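Keep in mind that this is a model prediction, so the values were computed, not measured. Heavy atoms only: backbone and side chains are in, while hydrogens, waters and symmetry mates are out. Positions are given from 1 along the sequence.
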Amino acid sequence: MSKSIQVIAGVILLLSFTVMGNETQLTLLEMEIDKIAQESIPANGPGCSVGIIKNQQFLFKKSYGLANIEHQVPLSSISVFRMASVSKQFTGFSVLLLAEAGKINLDDDIRKHLPDLKDFGAKVTINSMLGHVSGMADYDTLKSLLPKPLLSSAGGPFRLGDEDYLTKDEYYDVIKSLPLEHKPDTQQAYSNFAYFLLSELVAKVSGMSMREYTTKHMFEPLGMHNTFFADDMREIVLNRAQGYRTFKDNVLKHYETNIFVVGDGGLYTTLEDMLIWDNHFYIPKLGAAPNKLMAQFNTPNSQHTYENNGITFYANGQYIEPNYTLHNGGWMGTSTSYIRRHKEQVAFIGMCNSSSLDANVFTYEMPKLLTKLKIWDVIDPEVF
């Protein structure tokens, strides 16, 4: 055998060992993630679709459990999940698109565009709302801030959840009456109400609903054809992952929100469409100056950090950590998690259709598994 043929044969052998090694590691990865699923997801019940993205493609994706229990429909990568607070980054991006187009200024007082909001006695900017430093309230203090108690249709206490119903306009009437909880731009304090109002801002300025605007200017241009803000509780959603919860009596039941407002949540999407969204961070396409807009999107809105920890900033619907950019979501019938490690172009996605499941069980563990199995080499794989 000539020397050149020997070299070629050696290269082929090395490549074959590399491929075999990669396949072995991926098989071990699947076994490890299967074990997490077996320990957390009940048989014949709701479950989770999970994925690991590396270098703009799925390194791993798999679904466990059922999308619909009555009809025994299994979950898949095209199951449509409600994303809860992971939706906020899509709201944030839509606001930045309006600002780039010159329709708003991020330093505008929100009451310039939504003048029927309560006079806060202080300027509350759009940017501060994007960064959770607006001073606006959240669900845990809603009752104490209402000028009068919110009642059910029967005159009793209003049950915020899947029992009593508010239209979007009724919900807006409630939120616009609330005072601030604290002075703007003094601390980071999470506010679902601020992000709902940002969706109202988008609608008011664009002349389109939040759903229409994001579909036209974000999702269709990116090819995310199964992604939308759900604003109609009666809508039939193909491939929907029905929401469930195991209640105190240990009985599994339907658990779907009756509050169909968007901005703070309300986005529906699939695992496959989340791959498209993740790729957009590396190859930006939206806006007049895509790279500049993406850089702005990933820049924190303020220097205030979560609980003053000095490391967790907030950028337009995303938490920015030293190693990761992330957001979790939890609402009636859903638990979600989306975590990116930008430098390595790796992302972890978990989407579960039960409030009794925790998507973080997968997404917080998967970075450690990649390191353990030597699929990637990072110094610190811990999310927190």
Side-chain angles (χ1 to χ4, degrees), residues 82-99 104 106 108-118 120 124-147 150 158 160-162 164-181 184 188-206 208-215 218 228-233 256-268 301 314 316-318 327-332 334 336:
R82 191 179 185 94
M83 294 301 287
S85 285
V86 174
S87 309
K88 287 183 172 67
Q89 61 195 270
F90 298 90
T91 302
F93 200 95
S94 69
V95 172
L96 294 190
L97 278 173
L98 283 177
I104 59 173
L106 297 183
D108 287 345
D109 189 324
I110 186 61
R111 295 187 72 252
K112 174 181 177 180
H113 304 284
L114 300 177
D116 52 346
L117 289 181
K118 181 181 180 67
F120 300 122
V124 178
T125 69
I126 296 168
N127 183 69
S128 68
M129 294 169 67
L130 287 166
H132 287 313
V133 292
S134 66
M136 290 182 177
D138 206 0
Y139 289 109
D140 56 350
T141 54
L142 175 60
K143 289 183 180 180
S144 65
L145 292 174
L146 284 171
L150 188 62
F158 187 85
L160 185 64
D162 66 342
D164 292 330
Y165 176 70
L166 285 176
T167 66
K168 183 180 74 69
D169 289 340
E170 290 169 336
Y171 185 83
Y172 182 45
D173 284 340
V174 172
I175 302 307
K176 74 183 183 183
S177 71
L178 300 178
L180 298 181
E181 269 198 318
Q188 189 187 125
Y190 198 81
S191 175
N192 281 290
F193 300 157
Y195 266 77
F196 161 66
L197 291 175
L198 288 172
S199 75
E200 290 294 290
L201 168 73
V202 171
K204 182 72 176 293
V205 173
S206 70
M208 308 167 73
S209 70
M210 181 69 171
R211 177 173 183 161
E212 292 168 337
Y213 181 82
T214 52
T215 296
M218 292 172 59
F228 59 94
F229 275 101
D231 52 10
D232 182 356
M233 68 173 295
E256 290 278 0
T257 180
N258 271 349
I259 300 177
F260 266 68
V261 298
V262 299
D264 59 329
L267 185 88
Y268 277 32
N301 303 97
Y314 203 82
N316 306 295
Q318 313 167 96
H327 214 295
N328 302 323
W331 190 233
M332 292 166 222
T334 189
T336 56

* How long is the span from the CG atom in Leu201 to the CE atom in Met129, to the nearest 0.5 Å? -> 7.0 Å
* Run the numbers on Val261 and Ile175 for side-chain contact (heavy atoms from CB on, under 4.5 Å), then give the verdict. => CA-CA 12 Å; Val261 298; Ile175 302 307; over 6 Å; no
* Is there any salt bridge (Lys or Arg N to Asp or Glu O under 4.0 Å) pair reaching into residues 192-205, and which pairs are they, with sequence neighbours excluded? -> Lys168-Glu200
* To do: Please list, chain by chain and in numerical order, all residues satisfying salt bridge (charged side-chain N to carboxylate O under 4.0 Å, His left out) with Asp173, sequence neighbours excluded.
  => Lys176
* **Interatomic distance, Met83 atom CE to His327 atom NE2 [nearest 0.5 angstrom]** => 11.0 Å
* Can you find a heavy atom in the side chain of Phe90 that is under 4.5 Å from one in the side chain of Phe229? -> yes
* Asked: Rounded to the nearest 0.5 Å, how far does OG of Ser94 lie from CE of Met218?
  -> 6.0 Å
* Asked: Quick one: CE on Met136 to CG on Leu117, what's the gap to the nearest 0.5 Å?
  -> 6.0 Å
* Taking only residues two or more places apart in sequence or in another chain, which ones pass ring-ring contact (aromatic ring centres under 6.0 Å, His included) with Phe193? -> Tyr139
* To do: Verify side-chain contact (heavy atoms from CB on, under 4.5 Å) between Asn192 and Ser85, making sure each step is shown before the conclusion.
  => CA-CA 8 Å; Asn192 281 290; Ser85 285; 3.9 Å; yes
* Can you name the side-chain hydrogen bond (donor to acceptor under 3.5 Å, both in side chains) partners of Thr215, sequence neighbours left out? -> none
* **Partners meeting ring-ring contact (aromatic ring centres under 6.0 Å, His included) with Phe228 (sequence neighbours left out)** => Tyr268
* Go through the structure and list residues passing side-chain hydrogen bond (donor to acceptor under 3.5 Å, both in side chains) with Thr214, not counting sequence neighbours. => none
* To do: Of all the heavy-atom pairs spanning Ser191 and Ala194, show the shortest one and how long it is.
  => OG-N, 3.0 Å
* Looking only at heavy atoms, what is the nearest atom pair of Val124 and Pro184, with distance? -> CG2-CG, 3.9 Å
* To do: Let me know which of Ile104, Val205, Asn127 forms a side-chain contact (heavy atoms from CB on, under 4.5 Å) with Val95.
  => Ile104
* Structure fact -> Sequence neighbours excluded, the answer for ring-ring contact (aromatic ring centres under 6.0 Å, His included) partners of Tyr195 is His132
* Asked: Considering all heavy atoms of both residues, which atom of Ser209 and which atom of Asp231 are nearest to each other, and what is their separation?
  -> OG-OD2, 4.2 Å
* Interatomic distance, Trp331 atom CH2 to Ser87 atom OG [nearest 0.5 angstrom] -> 12.0 Å
* Structure fact -> Tyr172 meets the ring-ring contact (aromatic ring centres under 6.0 Å, His included) criterion, sequence neighbours left out, with none
* Where Arg82 and Ala230 come nearest, the two heavy atoms and their spacing -> NH1-CB, 4.4 Å
* Once you round to the nearest 0.5 Å, how far does CG of Asp109 lie from OG of Ser128? -> 8.5 Å
* Structure fact -> Tightest non-hydrogen contact, residues Phe120 and Leu178, listed as CE2-O, 3.5 Å
* Let me see the working for Lys88 and Tyr190 under side-chain hydrogen bond (donor to acceptor under 3.5 Å, both in side chains), right down to the final yes or no. => CA-CA 11 Å; Lys88 287 183 172 67; Tyr190 198 81; 2.8 Å; yes
* **Nearest non-hydrogen partners of Ala137 and Leu145, listed with the distance** => CB-CD1, 3.2 Å
* Asked: Does Lys118 offer a backbone N or O that forms a donor-acceptor pair with the side chain of Arg111 under 3.5 Å?
  -> yes
* List in chain and number order the residues that pass salt bridge (charged side-chain N to carboxylate O under 4.0 Å, His left out) with Asp108, two or more places apart in sequence or in another chain; answer none if no residue qualifies. => Lys112
* To do: List in chain and number order the residues that pass side-chain contact (heavy atoms from CB on, under 4.5 Å) with Asn316, two or more places apart in sequence or in another chain; answer none if no residue qualifies.
  => Leu96, Leu130, Phe297, Asn301
* Test side-chain hydrogen bond (donor to acceptor under 3.5 Å, both in side chains) applied to Thr141 - qualifying residues, sequence neighbours left out -> Glu181
* Which residues pass the side-chain hydrogen bond (donor to acceptor under 3.5 Å, both in side chains) test with Gln318, sequence neighbours left out? -> Asn298, Arg340
